[in-house]
**Q** 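I'd like to ask you about the structure that follows.
Below, chain A is the first sequence line, B the second, and so on; all start at residue 1.
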Amino acid sequence: MLLNSLKRNFFHGKTFSRNKLDLRAFCSADSITQNTSTIEELIRKQRWSKLRTHLKTTNPTSLLQQLFDSGADPVLILGFFNWSTRELSMTYSLEFACRLLHSLANAKMYPKMRSFLHGFVKNGSFNSVSSIFHALSLCSDSLCDNSIIADMLVLAYVKNMKPRLGFEAFRRAGDYGLKLSVLSCNPLLNALVKESQSESMEHVYKEMRKRRIEFDVISFNIVINGLCKAGKLNKASDVMEDMKSLGVLPNVITYNTLLDGYRKKAKIGKMYKADAIMIEMAESGISPNEITFNILIDGFCKDGNISAAMKAFEEMKSQGVKVDVITYNSLTNGLCSCGRFDEVVGLHEQMLCSGLKPNAVTYNALLNGYCKKKMVDQARRLFDDITNQGMIPTVVTYNTMIDVYCKDGRMEDAFMLRNSMLDKGLLPDISTYNCLITGLCRKGDFEGAKNLKNELINKGLRADCVTYNILIGALCKKGESKRAAKLLDEMFKVGLNPSHITYNTLMDGYCKEGNLVAALNLKTRMEKEKKLANIVTYNVLIKGFCQKGKLKEANGLLNELLEKGLIPNQTTYEIVRGEMMEKGIIPDIEGHLFNFSGSS
DNA sequence: ACTAGGCAGA
């Protein structure tokens, strides 16, 4: 009630409030009007020290109230608001902030609102999103103004790296029937994608359609990218169809994003859709650019299909698309991964001839090639060349070399390299530590590994999911899955999101100790955490049950994974085949592998 | 809004 009359007083005509003030001036001995106009003058001229003395007798809150009541220029009120929060450490109630926002909105001072909200979100994180929306709705029932404010609030959260709060604000805006725009929704979608919050991202997308928020091609591209990143390629294609049906035409970035989705998939033959996508692009009159080709080439290389990559490379050149250092690096990486070092020489010359300068990634690709082929001496020679001949080594260069030493069991060499990083002005990162921790664990030195984890934390680094996966794996290997489980709990405590690998590793530990109950409980737990069991999960469990002679259960798991649409892989077949041989059954074709039920 | 290098699981 009170608020309603207040806001009417505030928004509907300065005349009313002036009348009221005139009346007050009439009645009271000291003229508030005059006082207020003096103050306004001080703020306008930024006489802050004089204002300070003034405030010895009046408190800032009632002064702010006065400014509002007198219908002062919103820019002045904003000036006072900002100054007093900054210099006097004032905190005003949400209601004041909302009134200020509304008066700015009334005056269409949008940039001022944006920067106000930016600061508000940065410092005022103690205000819950729901309380802000509540206060906004009490202040005014102009859906239009509140929508603009909500839109800017969402954006402010996102820009301040608070996408979860931006997401909450997005939802509240829906509850209050406020309409948002792509100006806030696109950055929100993108932030959620960057944080790998694909569920929330999909929710925003669906809501945007429900609320009939206008999409642009960028909105769709972000959504498609998010879905690709989450491995949901079919959904990504569906969204592409959605956009076409809504009259938004895919552009080269849309197609690049989709191609990149296939590239990122860890599957053999993953680029099988590439041709079809390229044809569709051509039919839509969209020319591939250097990014398109770079994605294609890298994808083919990662797929082990060097000839397809080379074909794309030739096509790229014949179409006159600019070849850059990324193109060459992808090819170099592809050739090195296959051990085709001879061909790299020619490619490297071609690169230099076209005036392109190799960079750290180029040499790291070569170094990594040697490391993968266990050519440790060649690797070290190249490494010394890089560090001595004026090329700039990066943390990745060191990590690659450190890793190969660790894999080779040469821990002293690995630690020496780690120590020499500092001389080059390079700081070991979490991956450096993860390589070393893996090396120590492999040597059975769990205590050393644990100490290294403490060291990295003391150096201001954060143990990541990989660190924990390594340590959990090491404990499981020692038959200490109980201790490993404690590390899983620790991950939640330090705010890490365990990955599939985390759960699968611990589950494997339980299985090896014959604790199948714990293994199954862990599967339930991971599904509760929205990590769906994958093929590795099932392989671990099936192997565990087989080893205990529980073939019925193993078979049940096989059926379960098939029902879920998971595809058995090489390891699955090996486990099952091994089990059948044991039972004296001769496995023949794939279809017969799953017929050992009932034999236990 | 889209492109290149290293570390962890059966």
**Q** Looking at the side chain of V466(A), which of dC2(B), dA1(B), dA8(B) is the nearest nucleotide?
**A** dA8(B)
**Q** Expressed in angstrom and rounded to an integer, what is the separation of Y262(A) atom OH from dC2(B) atom P?
**A** 19 Å
**Q** Go through dA8(B), dA10(B), dA4(B) for me and flag the one nearest to the N539(A) side chain.
**A** dA10(B)
**Q** Can you figure out which of dA10(B), dT3(B), dA4(B) approaches the side chain of V325(A) most closely?
**A** dA4(B)
**Q** When you get a sec, tell me which of dC7(B), dA1(B), dA4(B) is the closest nucleotide to the side chain of N225(A)?
**A** dA1(B)
**Q** Would you say the rings of F293(A) and F313(A) are close, in the sense that their centroids are separated by under 6.0 Å?
**A** no
**Q** How is V536(A) classified with respect to the nucleic acid when contacts are heavy atoms under 4.0 Å: base, sugar-phosphate, or nothing?
**A** base
**Q** Is D216(A) touching bases, backbone alone, or none of the nucleic acid, heavy atoms closer than 4.0 Å?
**A** nothing
**Q** How many whole angstroms separate atom CG of L356(A) from atom P of dA4(B)?
**A** 17 Å
**Q** Which whole-number value in Å describes the distance from N364(A) CG to dC7(B) C1'?
**A** 14 Å
**Q** Between K244(A) and E280(A), is there a salt bridge with N-O shorter than 4.0 Å?
**A** yes
**Q** So what does D324(A) touch, heavy atoms closer than 4.0 Å: a base, only the sugar-phosphate, or nothing?
**A** nothing
**Q** Looking only at the side chain of I295(A) (C-beta and beyond, no hydrogens), which of the listed nucleotides dT3(B), dA8(B), dG9(B) gets closest?
**A** dT3(B)
**Q** Under 4.0 angstrom, heavy atoms only, what part of the nucleic acid is K407(A) near: base, sugar-phosphate, or nothing?
**A** sugar-phosphate
**Q** Just N and O in the side chain of N333(A): are any of them under 4.0 Å from OP1 or OP2 of dA4(B)?
**A** no
**Q** Just the rounded figure in Å: distance from P of dA10(B) to CD of Q547(A).
**A** 13 Å
**Q** Just N and O in the side chain of R263(A): are any of them under 4.0 Å from OP1 or OP2 of dA4(B)?
**A** yes
**Q** Nearest to the C435(A) side chain among dA1(B), dT3(B), dC7(B), which nucleotide is it?
**A** dC7(B)
**Q** Let me know the distance between CG of L532(A) and P of dG9(B), rounded to the nearest Å.
**A** 22 Å
**Q** Would you verify whether the NZ or CZ of K450(A) falls within 45 degrees of the ring axis of F446(A) while also being under 6.0 Å from that six-membered ring's centre?
**A** no
**Q** Would you mind classifying the nucleic acid contact of K302(A) as base, sugar-phosphate or nothing, using non-hydrogen atoms under 4.0 angstrom?
**A** sugar-phosphate
**Q** Which nucleotide in the set dG9(B), dC7(B), dT3(B) lies at the smallest distance from any side-chain heavy atom of N504(A)?
**A** dG9(B)
**Q** With distance as the sole criterion, do the side chain of N256(A) and the base of dA1(B) form a donor-acceptor contact below 3.5 Å?
**A** no
**Q** Do R380(A) and D384(A) sit within salt-bridge range, that is, some charged N less than 4.0 Å from a carboxylate O?
**A** yes
**Q** Do the charged groups of E560(A) and K564(A) touch, with an N to O distance under 4.0 Å?
**A** yes
**Q** Describe the nucleic acid contact of I253(A) in one word from base, sugar-phosphate, nothing, applying a heavy-atom distance below 4.0 Å.
**A** base
**Q** Tell me whether R263(A) is salt-bridged to D260(A), with the criterion being a basic N under 4.0 Å from an acidic carboxylate O.
**A** yes
**Q** Please report, rounded to the nearest Å, how far the P atom of dA1(B) is from the NZ atom of K229(A).
**A** 13 Å
**Q** Rounded to whole Å, how long is the line connecting atom OH of Y503(A) with atom P of dG9(B)?
**A** 18 Å
**Q** Looking for any heavy atom pair under 4.0 Å, which part of the strands does D429(A) touch: base, sugar-phosphate only, or nothing?
**A** base
**Q** How long is the line joining CE of M271(A) and C1' of dT3(B), in whole Å?
**A** 11 Å
**Q** Just checking N251(A): base, sugar-phosphate only, or nothing, at a heavy-atom cut-off of under 4.0 Å?
**A** base
**Q** Can you sort out the partners of F167(A) under ring pair (Phe, Tyr, Trp, His ring centres under 6.0 Å), two or more places apart, ordered by chain and number?
**A** H203(A)
**Q** Could you work out which one of dC2(B), dC7(B), dG9(B) sits closest to the side chain of S431(A)?
**A** dC7(B)
**Q** Considering only NZ, NE, NH1 and NH2 on the basic side and carboxylate oxygens on the acidic side, decide whether K235(A) and E202(A) come within less than 4.0 Å.
**A** yes
**Q** Between the base of dA4(B) and the side chain of N359(A), is one N or O donor paired with an acceptor at under 3.5 angstrom?
**A** yes
**Q** Nearest of dA8(B), dA1(B), dG5(B) to any side-chain atom of N221(A)?
**A** dA1(B)
**Q** Quick one: stems involving DNA chain B, counted as three or more successive Watson-Crick or G-U pairs, both distances short of 3.5 Å.
**A** none
**Q** Whether K459(A) and E455(A) form a salt bridge (side-chain N of Lys/Arg under 4.0 Å from carboxylate O of Asp/Glu) is what I want to check.
**A** yes
**Q** Choose from dA10(B), dA8(B), dG5(B) the nucleotide whose nearest atom is closest to any side-chain atom of T397(A).
**A** dG5(B)
**Q** Within the 4.0 Å heavy-atom criterion, would you say T257(A) contacts the bases, only the backbone, or no part of the nucleic acid?
**A** sugar-phosphate
**Q** Any base atoms under 4.0 Å from T394(A), or only sugar-phosphate, or nothing? Heavy atoms, all strands.
**A** base
**Q** Which part of the nucleic acid, if any, lies within reach of T571(A) when heavy atoms closer than 4.0 Å are counted: base, sugar-phosphate only, or nothing?
**A** base
**Q** Students often mix this up, so state it plainly: with edges at 30° and 60°, are the rings of F220(A) and F215(A) parallel, tilted or perpendicular?
**A** parallel
